[in-house]
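Each chain gets a letter, A, B and so on, in the order the sequences are listed, and its residues count up from 1. Everything numeric in this text was worked out from a predicted model, so none of it was measured. These values consider heavy atoms only, across backbone and side chains, with no hydrogens, waters or symmetry-generated copies.
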Amino acid sequence: MQPLDFSTVIQTLTQNAQNVWMPHFFPEVVVCVTIVLILLASICLKRTARTTFALALIGLLVALCGIGSQLNVVGSGVSANPGEYFGGVLIWDGFTVPVRGMLLLFAILALSLSGSTMKFGARDATDFYTLLLGSTLGLLVLAQSNNLLMAFVGFEMASIPGYALVGFQRHRLRSSEASLKYLLYGAAASGVMLYGISLLSGLTGTLSVSQLGSHVAAIGSQATGATASHAVIFSLLLIFVGFAFKLSLVPFHFWAPDAFEGASAEVAGFLSVGGKVATFSLLVRMSLALSGSMTGEAAKLVLPLGIGLGVVAMASVTFGNLAAYFQKNVKRLLAYSTIAHSGYMLMAVAALLVLRSPEGASSGIDVKQVTQQCIEGLVFYLFVYVFMNIGAFGLTALMRNHFGSEDLEGVKGFGRVFPIHGACLVVCVFSLVGLPPLGGFWGKFVVFYSLFMASKISTFMMVVLLVGGLNTVFSLFYYIGILKAVFLGEPREGSSSLVAASSENGLAMLIALPILLLGMFPGAATDFASEMARSLVR
Amino acid sequence: MDPLCYLSLLIFLPTLGAIILFGFPSKAVDAMRVFTAAITGVVFLMTLQLWLGGSFNPVLGTIQPVQEGVSVPWIASWNIHYRLGYDGLSLPLVVLTGFVSFLSAIASWSIQKLHKGYFILFLLLVTGMLGVFLALDFFLFYVFWEVMLLPMYFLIGVWGGPRREYAAIKFFLYTLVGSVLMLVAMLMLYFASGREFSLIGLAQQAAAGKFSSFEQTVAFILLFIGFAIKVPCVPVHTWLPDAHVEAPTPISMILAGVLLKMGGYGILRIAFPLCPLGAYYSSYALVAIGVVSIIYGAFAALAQTDFKRLVAYSSVSHMGYVTLGIGVWKLSEAHGIDFWLQGVSGAMFQMIAHGVSSTGMFFMVGVIYDRVHHRDLNQFGGLMGRMPLYSGLAAGIFFAGLGLPGLCGFIGEVAVVISTWNYDPLLAIIAASGVVLTAGYILWTMQRVYLGASYKGPHSEEIDHMPFTAREAFVGFTLLIAAIYLGVYPSVVFDVMDATLKGSLETLEKAVATVGK
Amino acid sequence: MTGDPLSILVWLSAIFFLCGFLCMIVKRNVIGMLIGVELILNAANINFVAFGQLSRLGIDGQIATLFVIVLAAAEAAVALAITLVFYNSHSTIDADRGESLRG
Amino acid sequence: MNDFLFVALAVIAALGAISVVLCRKVVHMAASLIVALSSVAGIFFSLNANFVGATQLMVYVGGTVILLIFGVMLTSMSAKAELKTTPIEAIAALASSVLLLLVFTFTVGSVSWSEHFKLLAGDAAVPKNLVEQGSSSFSSVALALVGVRTDQPNAHSYLLPFEIISIHLLVVLVAAGYLARPRGTQQEADSTAE
């Protein structure tokens, strides 16, 4: 036991602050400070919704700039000293830095959107932005956690403000009901996940994600391995429940339609995207750890795990698309589309596991390269998804503001009255379908390609690929339902005099343009994504 | 001018026009009409320049202006190139696209609502079509293929007839199914070839036997279904009558005149060269599908009472000759590829001829529909007396569709039927009987619509209020002249494509022959 | 079951988990369900402390428990607030009464 | 003696948890929960995890459960409110519990833990029994929370979660405050979209 005096502790703290907090976790620090500032400002300054909004926006922008200055870690990696921090609780490398950038960018979009479309009083605005930033902070933590406990903390930090955000419109019956359902399902899922974490950490003796693989492998190679391996699978399943909940994968998707319909469209957009980006980042890390260093008995787990994920992915995609077909409410429809898109993204992870299984290693493919390819596809998909989904939900918010309805019946002719909004909606929706030359197509393309590579290892992945492809066609039915209402329907009497604010038009185009650009010139983005993958898989 | 710039300008000039159209005030309808017509006119002239401007050498039979196509890297990490070029296969279709676009832009005068949106989408559609024919990178091809879908959906869905929404979604859905299958095939070949998207490169690899026969067969089936939907071949043709009937006249013209040709073009440009073995194994199926399409389309046309639906089914029947002509591939010691070459040339010619004649037929239906607001064949009759000029032009064009010697429809059909004889005499006889059926329904239609006592049906007074305008006459005359010209002087098309077809068929033959018969 | 304290604790936590899980299924009352969640979280806590004190996990286990306790408290606070809002608008805390969101 | 206490506490805790499920009245459930959680706290003490045990007692038993009881009272569910279970639900519950028990038996339950760790660790870090645990666990826990690990030099330091959770609590406070705030106080609050 080493001597412990107060000065040692203080010294450690300051060292941490100087060497770790500021250079590496500047964005998180800024977000924390912004939250405090917003609350302080609401006490000291004259409260207006605008000041709070400006504060939050500036905070996020500064944080994003912080990310910008760290981006040199991507690819090169060496000079910027990537690695595990806080004794391995967090990881900071060429993968997490851009993912955090993505999250911040997304938070900025969500913030600007709610700033321009939600009308609330100063006091409510303070609360809303605080919750939004708090949730974002949780997502940031989740995305870079390298420790299962930290991941759980991140999950909760992102979710708990989310519960409140869903119930933010207290005067609406549906809002409170939605938030209650979200809360109950969410709490149960996180409890189950935590139980899984506790078992897994007990079995392996570590909470570290990056050491998970080697520890699991160690279990598998010993005499008590068989039963312990079963226990490991069981605990992994429990943990996956938490992931699946956050990603609204079938069969843990129940909350999504209710929560998204009850929440305002802005909040629904925020919840549908943010959680995915952060959770997939962690899921990829876990999958890599589990599949990478395993040998012997334990390695046999990897292929079934990949196939299992493939099954879940197929179920999500199919169910999401089928259920969306019957929806009359745009938000609910988009909620089901979110479920389907989670499925598509999960396909990339499934392919990754299959390719990294021992069967993949022995088939003569370059495992490292194909792994990178899978991650590249997933990252690109997520990046496009940030824009296209927030765009779709944002335009739903605009429909609500201008037409007072979020039902397919009620928004007829929206695109004719507001041609710019309509055009942006076309871009978002067709990108969600996955048609070129829009970003969503390229996202699907790269994911399908990784499935195709995986199908060389396991023919089952070809089935997944075909199901995914066919679902793209199914999905057209309901997506086109939105466009049909918005363009082919006749606008209501008197709506032709409505005019969109130029700020709304600007924001809509700001979201639609990247989708178009990512579709037409995906080169830079895919290159960047593959650099990210390269810094993850060395 | 640098060929890459020239081709890009050709493709994207309509897009540019669409962007400029955004700036037009919504009230300036005439200005938009003229502007669109001018843009498409320039596009037509540019396509003619490709053909007649001296840059195209028909004897070469390779991709021009440069062997591998002019290209710049597009998405380098995926080895995707923005690669353009044309040869004897695509050039006639490019010119046809320019021609039909120009005429249907003129025919678009009849559009009554939301003009700005219409013309913007129309121009985007033209970009997509030209892109499909000029792209030499599989990925680029796919992108243009889909780009064309979006405007088409809206053009049918917003400006179409009463059941427009149904027709639009059906069209969209069918094409999307096809393109998803194409996507899977594309991934397969990309993977098997070691990350290659260039159509020429892929074709070379296929010819060198790099793809296994299993891969080729699967890929061919996927690709063929995708293209067959567009052609349309019989089991997957059901989108066509709906889309044609509900689409506004100029869009029907484009659909029939250009879009259907993309199917045939795709088969010849992609499905065959990339999977020669698969194509060879499936040739009998192709021929059978072609024959069934011919007969089924003709019988279905006979049964129609809707004028436009009849013309639509006649397209199914006529395009059947294309599938048939492409499919008559039989390795034979005696004749080599002669008969097959004749079939494919006939199919190509049939595509061009059908592009002219069916465009004309749809236009003629549209002209009369604008006046009497119905298409019921049983209520027509005696238009000849009321509108002699119109009826004369229409008769000429319908005769072209019928396949009367001296008009464009004749040559392709005859060439295809003759080469089929070599493949399977029975099928040839059946296909030939399709010609008789075609004559039957077209003559019967002409009798029901144009002949007889003077028209007294619904809205007969409108015919006097709206005389046959010079604009309409111009479109009609142009199409008729084109039909006659192609009928009398078919070698204008054959000259362009002979060398190319011969070269590519020989390559295919070699690729299959090396594997063994 | 052996007399090994670790086994006893793991089984105890399994019972907690099971009871919590059953509470979530059986109880229709929101408070009842939240109690179920608390049980599940406690199951994890027992595991953490047990593995921490009796096996390799070390003080990580205790720390995890501390965090879980704090997070559970925070979650409970928000949960109660949401329950109140729900109660104010629906005059019930029977979770099955929320019928407006179905389909 | 210690072992006996340990087993007794475990049994009480288990019974408490089971009675939470079986009780029909919310208040009874809460009471059983208190029993269960307190016994768990006792177990923590007997495992030498004093800090955690104390926290469990203060925060969990003293705070969370009280919150829940507040919830029961505030929503004026009469304290006697009964929660009926339909037969179908009972059967479903029974089936799922049997299923879960089976899963537990064949996975976690069948691991022979002492054997497992002996093989796994191979190092001296694994304590053999309760007494061997360092009595310093309180200070080492506290120090790990501020980033200094005394037991293993390169292990996880929990400074970050410790710090960041304070922000989280702040946000949660805001959330709870917002939701609990009466609506009437601010008119513009009602002009929220839609």
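- Under the 4.5 Å side-chain criterion, counting only non-hydrogen atoms from C-beta, B:F141 is not in contact with B:M186.
- Residues that satisfy the ring pair (Phe, Tyr, Trp, His ring centres under 6.0 Å) test with B:F197, not counting sequence neighbours, are B:F139, B:Y190.
- Interface residue B:F154: only side-chain heavy atoms are found under 4.5 Å from chain A.
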Only pairs under 3.5 Å count here: list side-chain donor-acceptor contacts from residues 454-468 of chain A, not counting sequence neighbours, and write none if there are none.
{"residue": "A:S455", "atom": "OG", "partner": "A:F452", "partner atom": "O", "Å": "2.6"}
{"residue": "A:S458", "atom": "OG", "partner": "A:F460", "partner atom": "N", "Å": "3.3"}

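- Most heavy-atom pairs under 4.5 Å with chain B, from the set A:F441, A:F477, A:W442: that is A:W442.
- Neither the backbone nor the side chain of B:W145 comes within less than 4.5 Å of any heavy atom of chain A.
- In this structure, chain A has a heavy atom under 4.5 Å from the side chain of B:L114, while its backbone stays farther away.
- Judged by the 6.0 Å and 45° rule, B:R164 forms no cation-pi pair with B:W159.
- B:S8 and B:Y82 share a donor-acceptor pair across their side chains, judged by distance under 3.5 Å alone.
- For B:L183, the part lying under 4.5 angstrom from a heavy atom of chain A is the side chain only.
- Using a cutoff of 4.0 Å between basic side-chain nitrogens and carboxylate oxygens, B:K170 and B:D242 are scored as salt-bridged.
- Note: A:L476 leads A:L476, A:L483, A:V433 in heavy-atom pairs under 4.5 Å with chain B.
- The contact between B:V158 and chain A is made by backbone and side chain atoms together, counting heavy-atom distances below 4.5 Å.
- Top candidate by heavy-atom pairs under 4.5 Å with chain B, chosen from A:F487, A:F430, A:F474, is A:F430.
- Interface check for chain A: of the options B:P73, B:S179, B:S77, the most heavy-atom pairs under 4.5 Å are formed by B:S77.
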